[in-house]
Every structure is written in C-alpha cells, then in structure tokens.
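All chains are named by letter (A, B, ...) in the order of the sequence lines, taking the proteins before the strands, and each is independently numbered beginning at 1.
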Protein chains: 2
Amino acid sequence: MKTIKTGDQNLIKKINKSIVMKSIEQKGPISRAQISKDTGLNKATVSTMVSELLEESLVNEIGAGKSNGGRKPVLLYFNHKAVFSIGIDLGVNYILAILTDLRGDIVFEKLEKLEDKEPSIVIEKVIALIHDVLSHTPESPYGVIGIGIGVPGIVDTDGKILFAPNLQWKQIDLKQAIEEAVHIPVSIENEANTGCLGEQLYGAGKNISNLLYVSIGIGIGTGIIINGNLYTGATGISGEMGHHTIETNGKKCRCGNRGCWELYASESALLEEAMKLDVFKQDVTSNLDSITREAKNGNSEVIQLLNSIGEYVGIGLTNIINTFNPEMIIIGNRLAQFKTWITNPIHRTLEERLSPYSNKTTIEFASLDTYSSALGSSSIAKSNFFAQHKITVK
Amino acid sequence: MKTIKTGDQNLIKKINKSIVMKSIEQKGPISRAQISKDTGLNKATVSTMVSELLEESLVNEIGAGKSNGGRKPVLLYFNHKAVFSIGIDLGVNYILAILTDLRGDIVFEKLEKLEDKEPSIVIEKVIALIHDVLSHTPESPYGVIGIGIGVPGIVDTDGKILFAPNLQWKQIDLKQAIEEAVHIPVSIENEANTGCLGEQLYGAGKNISNLLYVSIGIGIGTGIIINGNLYTGATGISGEMGHHTIETNGKKCRCGNRGCWELYASESALLEEAMKLDVFKQDVTSNLDSITREAKNGNSEVIQLLNSIGEYVGIGLTNIINTFNPEMIIIGNRLAQFKTWITNPIHRTLEERLSPYSNKTTIEFASLDTYSSALGSSSIAKSNFFAQHKITVK
DNA sequence: TAAATTAGTTTAACCATTAAACTAAGTATA
DNA sequence: TATACTTAGTTTAATGGTTAAACTAATTTA
C-alpha cells in the first residue's frame with residue numbers, strides 16, 4: 001500500500017505562502033497590511049511569509065506608500081527577474097525560442113527555420129538554440145530554472161513524443177535527449193496545450209478557469225483548461241478534437257477516422273479549396289499570405305471560401321460548447337489571422353446551431369500573436385519549479 | 001475583495017480525519033496500527049481521529065483480530081447505518097425513490113408511474129414518495145441527511161431545472177419546492193450526471209477517476225468525471241454530447257442543431273427505424289421489449305437495425321475518446337439492455353475509427369441496472385453532508 | 001517464566017496560525 | 001505645538017494540530 005498525501009504544518013505554510021506570493025504578484029505594489037485584509041490571513045502570518053520571500057529574493061520592498069491616516073505602508077512588489085525560464089515552440093518549419101521572466105515578459109528571443117526534420121538534426125538545433133538563449137540570460141538569483149517545449153504531436157504523460165505526423169516523428173524521447181545535453185529540467189507538451197496555457201496566463205483568457213483553446217493550423221488541436229488546470233486525459237493525449245467526426249461518411253482522414261473536423265476547417269482545408277479557385281490556379285506557391293492578399297482585395301470567391309471555412313469552424317465549436325459548457329473558447333494558431341473574414345460566419349453558425357440554453361460561451365481569438373505556445377511552454381517550466389517545493393518551505 | 005480559502009490547523013485535521021475515515025470505510029475491518037502503516041499518519045494521530053469517529057458513531061469497534069505475534073489488534077469498521085440518504089430518479093414516465101445507507105445499500109425503494117407530467121402534480125408525488133421513504137427509515141444516529149434528485153433535463157448550478165424537454169418543463173425550481181415541504185437539504189442534478197456518479201461509486205466505474213458515462217435513452221446525455229470529480233461546466237450544463245453534430249447537413253434537431261448524434265444513436269432513433277420494419281409495421285405499441293423479443297428470436301432485420309445503431313453509438317464514442325482520452329466509458333440507461341447486439345458493432349467502429357495512439361479506453365455497460373441514477377443522486381446528498389463540515393471538526 | 005513482538009496511549013516537543021499587546025510613524029485637531 | 005487618533009508592522013503568548021519517543025497492554029516465542 002502506498003503512502004497517501006496527508007496534511008501537516010508544512011502543507012498549511014505552503015498554501016499560505018503561495019497565497020501571499022500570488023497576492024504580491026497580482027496586486028503589487030501592495031503592503032503587508034493590505035495583503036492581510038485581502039486574504040484574511042493574520043498580519044503576523046503575512047509578515048512571516050513576506051520576510052521569507054524577501055530572503056528568497058522573490059519579493060522586494062519598493063519604499064513607502066501614501067499614508068491612509070497613520071504610519072505609511074511599506075510597499076512590496078514581486079521580483080519578476082528572480083527566475084527565468086525558456087519556452088520553445090517547435091513548429092513544423094520553424095523553431096522559436098524565448099527567454100521569459102516570471103511575468104511572462106520576453107527578454108530574449110530567437111527564431112530559426114527548420115528545413116531538415118530528421119529528429120537528430122532538430123534536436124541538435126534545439127540544443128544550440130538553448131545554449132544561445134542561456135548565454136543571453138541576465139544575472140539573477142535563480143537563473144534559468146527550466147525549459148518547456150510545445151510540439152505539434154501526441155505527447156504521453158512522461159513527455160515522450162508518440163507521434164508527430166507533420167514532422168514524421170514516432171516515439172522520440174525529446175525530453176531525455178535535451179536534459180542530457182543541458183542539465184536543466186525539460187517538460188514537453190502538445191502545442192495546443194502550451195498555447196492554451198499561454199493564452200490563459202498572458203493572453204485572451206486571463207483568469208478564465210474553464211477554457212478551451214482551439215489551435216487551427218495544418219490540423220486542429222485543442223487545449224482544455226478545467227477548474228484552472230490543464231486537463232490532459234488519462235494518458236496525456238486528450239484534446240484531439242480535430243478528429244471529431246462531423247460527417248459520418250465523410251473524407252477519409254490520416255488518423256483512421258472519417259469526416260474529421262480538421263478536414264473541413266483547418267489551414268489544410270483552406271489551402272486545398274483555394275487551389276481550386278481561378279485566382280490561385282496558376283499559382284503553385286499559393287499560401288496563406290496570398291489568400292489574405294486576395295481577401296483584402298475583396299476577391300469574392302476567396303471571401304466566400306473563408307466564409308465556408310468559418311462555418312465549419314463554427315460547427316466544431318458548437319460540439320465543443322455542447323460538451324464543455326466553457327466560459328470561453330480561444331481560436332489560435334495560423335487560421336486566427338483570418339479573423340476578419342471568419343468571425344461572422346462562426347457567430348452565425350453558433351447562433352443557428354446552439355440550443356438557447358447553452359449560449360453563454362465567449363469566442364475570442366488568440367492575443368499573443370505567434371508567441372502563445374512558446375509563452376505557455378515557458379510557464380510550464382515555472383510551474384514545475386514552484387511545485388517542486390524548491391522555494392516554498394525548506 | 002473576498003476572503004480567500006487559507007490554510008489552518010482545521011484544514012489539516014479535516015484532511016487527515018477524512019483519510020482515516022476512508023481507510024476504515026474501504027478496508028475495514030482494520031486496526032489503528034494498520035491504518036497508520038497504510039496512510040503514513042502517526043499512530044497517535046490515528047488514535048485521536050478514531051476516538052472522534054467512535055464518538056460520532058461513524059465507526060464501531062468490532063472486537064479483537066488475530067495476533068501477529070504480539071498484542072491483538074482492535075478491529076474497526078465503518079458504521080454504514082449511521083447516515084441515510086434518499087435518491088430519486090425522476091424519469092419521463094416513472095419516479096424511483098430509494099433509501100440508501102453509506103455503503104450504497106438500498107434499504108427501501110418505491111417505484112411509481114408518472115402519467116400527468118404537470119410540474120405541480122409531479123412535485124406532489126415526489127413529496128409523497130419522500131414522506132413514504134422517511135417513514136421506512138430505520139433508527140440511526142443521523143437519520144436522513146439529504147435528498148438527491150436526478151432529472152432528465154438541463155439543470156443550472158443552483159439546482160434550478162432550466163429545461164426538461166421530455167417533461168415539457170421550463171424554469172422549475174424543484175429544489176426550493178421540495179425543501180420547503182420536507183425541510184431536508186435537496187440537490188438536483190442532470191440524470192446523466194447522477195448516473196455517472198452512481199456507476200463510479202458503486203458500479204462498473206469503481207475507483208476510475210477519468211470516466212465518461214453515456215446515458216442513452218430518448219436522447220443522449222453524458223456525465224463527465226475528471227480527476228475523480230464531476231465536471232459540470234461553467235454554468236452547470238456541460239455534457240450535452242447528444243447534440244454533437246455527426247452529420248453536418250443531417251436531420252434537424254429540436255435543439256436547433258443539425259445531424260445531432262442522438263438523432264442516430266438513441267432509443268428514439270431505434271424506435272423510429274423499427275417502425276419502418278415489417279415485423280413492427282402493424283404493431284403501433286411497438287416498444288423496446290418487442291424489439292428485444294424479436295432480436296432474441298433471431299430476426300435478422302432487427303439485428304441488422306441494432307447493428308446499425310451500435311455503429312452510430314461507436315461514432316459518438318470515438319468523438320468522446322478523441323476529446324477526453326478517458327480511462328473508461330460506461331454506457332447506461334435503456335439502450336444498455338441491447339448490450340448483446342450492440343457491443344460488437346461498437347467495438348468494430350472504434351477499431352476502425354480510432355487512431356492507434358488513442359485506443360486505451362475501456363468500454364463498459366452500466367452495472368447497476370435501473371438504479372444508476374437513483375444511487376448517484378443519493379450519493380450527492382451524502383457528499384454534501386460530509387463536505388458541509390457537519391461532522392468533521394467541531 | 002522471560003524475552004521479544006505488536007497494539008495502542010500518553011507525554012513532551014515542535015511549529016504554524018492567531019489575538020492581543022506593543023512599537024513605529026504618520027494625520028487630525030484644538 | 002501638543003495631544004489624540006490612526007494605520008503599519010512586529011513581538012509575544014496561547015492554541016491546537018502532528019509527531020517521536022516513552023510508555024502500558026497484551027500476546028507469542030523460546
């Protein structure tokens with residue numbers, strides 16, 4: 001029989017210290033007195049926690065505030081530059097590496113093209129990028145405490161990449177390979193999950209605790225946040241909603257299923273249909289940029305196509321809303337750039353298809369541009385650092 | 001600013017007391033020494049908790065066990081008859097009320113037909129049933145501590161029934177009506193959610209913490225258990241997966257959507273298609289029993305129909321697995337009685353449609369017969385009782 | 001019969017939170 | 001300017017939870 005997680009004084013302290021820290025992080029500059037009022041913790045408790053946080057360099061005293069009719073408060077603020085982490089967005093034809101502080105501010109970034117997708121070559125590139133980022137890290141109390149990597153594929157709970165179709169990778173233990181090379185803890189997650197975390201922490205989904213992030217690129221992946229936590233399923237591979245059947249006898253999909261949503265509503269679907277249009281017929285290099293250009297020029301065929309894609313997106317979102325009843329859905333990745341043309345068809349479809357009892361979900365587009373996944377990845381590294389009691393309580 | 005839930009000694013005690021209680025409930029008869037070894041809690045702590053539980057009549061000493069080479073252990077066991085709760089399954093044409101003890105054993109039950117669905121009449125019937133059950137409750141330390149009701153409709157987080165299509169109810173505050181009449185706490189939940197809880201606690205899903213329950217009756221509803229807890233969405237109305245679009249331009253559904261799963265895979269779909277068959281053409285009263293009869297007789301048309309329904313069930317389950325990657329899916333409610341004929345088509349469909357990386361989900365059928373929902377309902381009442389610190393810690 | 005072993009309780013120490021008392025440093029006012 | 005009042009933050013003593021160690025109790029083993 002295994003030992004169960006029981007309660008002890010350490011647990012109390014961890015909980016309360018974390019509350020104090022979050023208070024300063026979110027509402028700083030703030031005084032000890034105010035924290036006590038806000039949280040219900042006793043002034044003495046707050047003082048104890050704050051002095052520990054000061055010692056750990058996670059919090060600084062920034063000087064005196066304005067008096068409210070008595071002694072001036074000492075204002076505390078969170079030291080965002082105490083800890084750094086690296087976030088990597090491993091795309092199908094690029095690698096983006098960023099260095100972030102605790103606020104999610106990007107301190108350094110580097111983007112590389114990816115041509116050869118051979119695992120060993122990609123891994124070398126990632127390691128080189130990491131070394132580059134490390135050499136650009138400012139002096140700080142803790143330095144770089146972890147690396148998070150978002151990948152376009154199915155990742156199990158141990159961080160192994162089971163299958164990344166667009167990289168043609170199978171069974172790659174990226175985590176181990178990189179940890180061996182750089183000796184910093186590495187976490188691997190699916191790109192939709194990292195994007196979801198990024199948007200929830202720093203983007204359109206701030207402070208939303210029941211949230212779905214729909215990453216529409218070559219395929220469609222989804223990140224699920226339930227009660228504030230990322231849900232990854234029993235074996236880490238939930239959120240494959242791109243493979244929802246929306247046409248029972250529809251096109252055959254690479255995944256084995258038929259009529260998958262992503263066959264009708266993704267970047268691939270858009271490109272495939274675009275190739276059939278007169279405007280693009282000659283243009284073999286037809287890509288998203290030329291579609292945007294034509295849409296901006298008012299090409300009605302193209303606008304009609306985007307309208308149709310938007311409707312298909314709406315059908316899938318209807319399924320998601322009926323399933324999760326979330327507060328918000330965020331649409332991210334490359335299809336989000338067509339926001340102007342797909343917003344209306346999406347809303348129209350939802351209006352048509354949703355039951356009147358389930359229409360409270362807000363639909364947003366990702367607000368972090370191309371950084372959603374990298375930011376979310378770096379946040380995972382931070383969470384792991386703080387979870388592993390490395391700071392709280394000796 | 002609201003006060004946050006902070007940590008204090010009370011919290012520790014609550015956690016540890018609950019661990020001790022669960023230990024006795026699940027592994028009793030068990031000694032204090034064994035609990036200490038199993039949980040990692042100190043012997044002294046266990047002794048303290050046990051003496052409180054004894055005082056509260058939740059635990060009894062059952063006598064001495066066999067010596068293991070020293071003093072004989074005193075065996076403790078959980079007093080399942082300390083607390084009773086009522087579970088009610090409010091169906092479309094019946095009401096089932098049960099009285100259960102803490103183990104989920106049914107001590108008394110009563111089933112009534114429901115003809116007039118007028119809310120006030122139904123509420124009267126429910127209240128009468130409750131009084132009947134109350135009069136059959138054995139003497140016990142705590143008596144009946146709550147009533148849970150599972151209803152075939154959309155219920156918000158306050159327990160108000162927003163819409164129950166098959167009862168033709170809208171905006172009915174069942175909770176308030178019944179609490180006023182009987183002065184016992186009442187909880188209302190959707191029937192799929194209560195069925196889900198019932199199966200997870202006492203049925204096919206025992207100890208499974210990532211679980212979907214698919215209730216297939218007139219429509220299809222789903223209960224979602226994530227990390228051991230029921231997930232009900234931002235406003236309490238998640239799990240409407242019966243309204244997943246599986247045919248983009250399919251039949252129009254009452255919910256406003258098109259091609260909803262439940263139009264192809266529910267009891268209604270089965271009955272509708274059955275009516276077209278020669279065997280049933282004359283038989284206006286054609287119902288599930290006659291379909292079972294014909295299937296047992298080997299009527300190939302009927303078996304073919306059930307096969308087709310099974311395939312459609314499989315399509316929806318594929319969607320669910322791709323979404324949630326659950327450990328288990330349990331199929332319940334009336335369609336489950338066709339297990340013999342739909343099991344193979346379901347598995348065949350999953351085999352065909354699931355990606356090789358996502359096929360670890362076990363498919364089970366409900367094992368509590370017609371009691372899933374009533375048992376789950378009564379369990380909600382118990383959970384609320386224990387959660388409301390009514391017992392743990394003064 | 002004595003030693004060893006296991007079960008359960010008691011004791012004393014530890015430590016996190018907290019109310020209350022206290023120090024510190026300001027404002028308001030007469 | 002002196003005094004009263006307010007607010008901020010620390011110190012102190014009390015409370016109450018867990019725990020290691022010592023203890024009592026009861027049984028097996030040699």
Side-chain angles (χ1 to χ4, degrees), chain A residues 3-21 23-24 28-55 59 61-77 389 392-394, chain B residues 3-20 23-24 28-55 59 61-76 389 392-394:
Chain A
T3 296
I4 297 162
K5 212 204 142 201
T6 56
D8 61 2
Q9 311 250 58
N10 243 14
L11 176 67
I12 299 185
K13 190 165 175 187
K14 213 164 156 182
I15 292 171
N16 290 339
K17 189 167 173 183
S18 168
I19 290 173
V20 171
M21 195 173 93
S23 227
I24 300 172
I30 188 172
S31 67
R32 291 168 176 79
Q34 192 59 45
I35 296 172
S36 170
K37 280 176 207 152
D38 285 358
T39 61
L41 286 168
N42 188 276
K43 289 198 295 174
T45 309
V46 173
S47 274
T48 310
M49 298 312 176
V50 166
S51 60
E52 283 191 26
L53 290 168
L54 282 168
E55 206 159 291
V59 159
E61 292 188 332
I62 186 78
K66 227 176 47 194
S67 161
N68 302 308
R71 172 174 166 177
K72 285 180 182 168
V74 177
L75 294 181
L76 302 162
Y77 96 145
H389 61 73
T392 33
V393 192
K394 324 116 245 203
Chain B
T3 297
I4 297 163
K5 212 204 143 202
T6 55
D8 61 1
Q9 311 249 57
N10 242 12
L11 176 67
I12 298 185
K13 188 165 178 186
K14 216 165 156 180
I15 292 171
N16 291 339
K17 189 167 175 183
S18 169
I19 289 172
V20 171
S23 228
I24 300 172
I30 188 173
S31 68
R32 291 167 176 81
Q34 191 60 45
I35 295 172
S36 171
K37 281 176 205 152
D38 286 358
T39 61
L41 286 168
N42 188 277
K43 289 198 294 175
T45 310
V46 173
S47 273
T48 311
M49 298 313 176
V50 167
S51 62
E52 283 191 29
L53 290 168
L54 283 168
E55 207 159 289
V59 159
E61 291 186 334
I62 186 76
K66 226 177 47 198
S67 161
N68 302 307
R71 172 174 167 177
K72 286 181 183 167
V74 177
L75 294 182
L76 303 161
H389 62 73
T392 32
V393 193
K394 325 115 237 196

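A close approach under 4.0 Å does not occur between any side-chain nitrogen or oxygen of Thr6(A) and OP1 or OP2 of dT18(D). In terms of phosphate contacts, Lys66(A) brings no side-chain nitrogen or oxygen within less than 4.0 Å of OP1 or OP2 of dT27(C). Within the structure, every side-chain polar atom (N or O) of Arg32(A) is placed at least 4.0 Å from both OP1 and OP2 of dT7(D).
Heavy-atom nearest nucleotides on DNA chain D were determined for Asp8(A) and for Leu75(A), and the one closer to the 5' end corresponds to Leu75(A). Two residues, Asn68(A) and Leu41(A), neighbour DNA chain C, and the one matched to the more 5' nucleotide by heavy-atom proximity is Leu41(A). Between Thr45(A) and Gln9(A), the residue whose closest nucleotide on DNA chain C is further toward the 5' end is Gln9(A).
With sequence neighbours left out, the salt bridge (charged side-chain N to carboxylate O under 4.0 Å, His left out) criterion links Arg71(B) to no other residue. Asn42(B) meets the side-chain contact (heavy atoms from CB on, under 4.5 Å) test with Ala44(B), Thr45(B); sequence neighbours excluded. In this view, Ile19(B) and Ile4(A), Thr6(A), Ile15(B), Asn16(B), Thr39(B), Leu41(B) satisfy the side-chain contact (heavy atoms from CB on, under 4.5 Å) rule, not counting sequence neighbours. Qualifying side-chain contact (heavy atoms from CB on, under 4.5 Å) partners for Leu75(B), counting only residues two or more places apart in sequence or in other chains: Pro29(B), Ser31(B), Ile62(B). Not counting sequence neighbours, the partners of Ser36(B) by the side-chain contact (heavy atoms from CB on, under 4.5 Å) test are Lys43(B), Val46(B).
The interatomic distance linking Ile30(B) (CD1) with dG8(C) (C1') rounds to 15 Å, in whole Å. Across the protein-nucleic acid pair, Asn10(A) atom CG and dT19(D) atom P stand 11 Å apart, rounded to whole Å. Whole-Å rounding puts the Ile35(A) CD1 to dA8(D) P distance at 12 Å. Lys13(A) places its NZ atom 7 Å from the P atom of dT17(C), with the value rounded to the nearest Å. What separates CG of Leu76(B) from P of dA7(C) is a distance of 13 Å, to the nearest Å. One can place CD of Glu52(B) at 14 Å from C1' of dT18(D), the figure rounded to the nearest angstrom. If you measure from atom NZ of Lys37(B) to atom C1' of dA7(C), you get 9 Å, rounded to the nearest angstrom. Whole-Å rounding puts the Lys17(A) NZ to dC15(C) P distance at 15 Å.
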Identify the pairs formed between an N or O of the protein and an N or O of nucleotides 19-26 of chain C at a distance under 3.5 Å, and give each distance.
unit_1: dA19(C); atom_1: OP2; unit_2: Asn42(A); atom_2: ND2; d: 3.1
unit_1: dA19(C); atom_1: N7; unit_2: Asn42(A); atom_2: ND2; d: 3.2
unit_1: dA25(C); atom_1: N3; unit_2: Arg71(A); atom_2: N; d: 3.3
unit_1: dG26(C); atom_1: N2; unit_2: Gly69(A); atom_2: O; d: 3.4

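Screening Ile24(A), Ile35(A), Leu54(A), Val20(A) for a side-chain contact (heavy atoms from CB on, under 4.5 Å) with Met49(A), the sole residue that qualifies is Val20(A).
The residue Val46(B) sits apart from the nucleic acid: no heavy atom pair falls under 4.0 Å.
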Applying side chain to side chain contact (heavy atoms under 4.5 Å, CB included), run through Leu76(A) and Leu53(A) and close with a yes or a no. CA-CA 10 Å; Leu76(A) 302 162; Leu53(A) 290 168; over 6 Å; no
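Comparing atom distances between the Ile12(B) side chain and each of dA16(C), dT18(D), dG8(C) picks out dT18(D) as nearest.
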